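As structure tokens, the structure follows; a few thoughts come after it.
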Amino acid sequence: MLDRVFVLAFLALVVHPDARAQDVRIGVLGLFHPRELTLQASRQEAVIIHAAGQALVLGPGSSTTAFFHISDDMLVLDIGGLELRAAEIHATSRNGGAVSFHLGVPGKIVRGYRGTLVVKSSRGEVVPIITMDIETAVASSVEAESAPGTPLEALKAQAVVARSYFVAGGGRHRDFDFCDLTHCQFLREPPAQTSSAAIATRETRGIVLTFLGKPFAPMFSRSCGGRTRTPADVGLPGSAYPYFSVLCDFCHKSPYRWSRKLSLTEAAPLFGQGESGRLVVDRSLGWNAVPSNSFTSREENGEVVLEGAGQGHGIGLCQRGAKALAEEGSSLREILDHYFPNTALTQLAQSGVDPMASFQAAQKYMFAK
Ligand SMILES: [Zn+2]
Ligand SMILES: [Zn+2]
């Protein structure tokens, strides 16, 4: 028995050569289309701004704010009365590495981040891009994408999904790898180290979902309506992983139901265009105008009445179903096996990580059932 366990555990430690732990470049605050941006140091450490051949220091807890804006298509930095113009401006710690800082869009939002910062100008907007450790990005995404009160095993499943997406997704933006919206993965500030999202991230550190030995970018949605869909079901192109339509017990027994009324013109893109038609309507009327692509429709008094179930495209992991499975005692492994049949969990090769620790982590997940 022991021998068999050892062999299986050894097989579980598939370290894919192309799947290395990495940093990710995330374009942030794009939702606000900022024409101005503020940068402040955190209380803990200095931020060094590298601009036009100069290095400027924002001391720890300093009240000095660096202002960025665009003038004649050039990026302009305004700091303590000094004005510098550059195509790109960088901010790092004293040793050139990741640093904590606050970015703000005046009158709209201030968020804390950790990483190295590049500020560019593009089409009249200030574009902040943060290169952050993948685990910081995963924790930030789990925090932003999960409903309050979600049990740890479901958060761990979300962390593996988020990490896999950061490893295998990307390529949808010109200046960075991922945006911070649901277009890629929703992401705000990194959560506190003691938060459930941070714990779920640490407990799955470096673990991704693979199909035929390769990581893929898994899809997820808030609630599936009773059965998950495949990309083909909703008129989307296929992907590296062939999704399966699986029964989602919790949503099947008590689906999230919704109804909407739209004008004939508003509803027109919904018919014959599947998920992309729904997104067209959501983009023009608001993100929740048509919550899912699982609905019936009828015409009533010159309007289109939609009655549907679920939220989102319904492909891959169903967050509502995963939460219910975790509440009933399912493990991370069981949740992911259910929504992503025929996949495996793989430990990313990580520089600086003890191979024995990776081995033990993989072993733990192999036998988590
Ligand atoms: Zn995006
Ligand atoms: Zn579901």
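Heavy-atom basis, side chains included; hydrogens, waters and symmetry copies ignored. Each ligand, and each atom within it, is numbered from 1 in the order the structure gives. As the structure is a computational prediction, the values presented were derived from the model and not from experiment. Sequence positions, counted from 1, serve as the residue numbers for this chain.
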| At the Zn ion (ligand 1), what angle lies between atom SG of C184 and atom SG of C179, rounded to 10 degrees? | 110°
| Atom CZ of R202 with >12 non-hydrogen neighbours under 6.0 angstrom | yes
| query | If you look at H183, which of its N/O/S atoms is nearest to the Zn ion (ligand 1)? | reply | ND1
| In one Ile/Leu/Val/Met/Phe/Trp/Tyr side-chain cluster, 4.5 Å: I109, F68 | yes
| said: Would a single hydrophobic cluster contain both L37 and I129, if residues Ile, Leu, Val, Met, Phe, Trp and Tyr are joined by side-chain heavy-atom contacts under 4.5 Å? | reply: no
| request: May I have the angle between C224 SG and C248 SG with its vertex at the Zn ion (ligand 2), rounded to 10°? | output: 100°
| Check: Y165 ring centroid to F178 ring centroid under 6.0 Å | yes
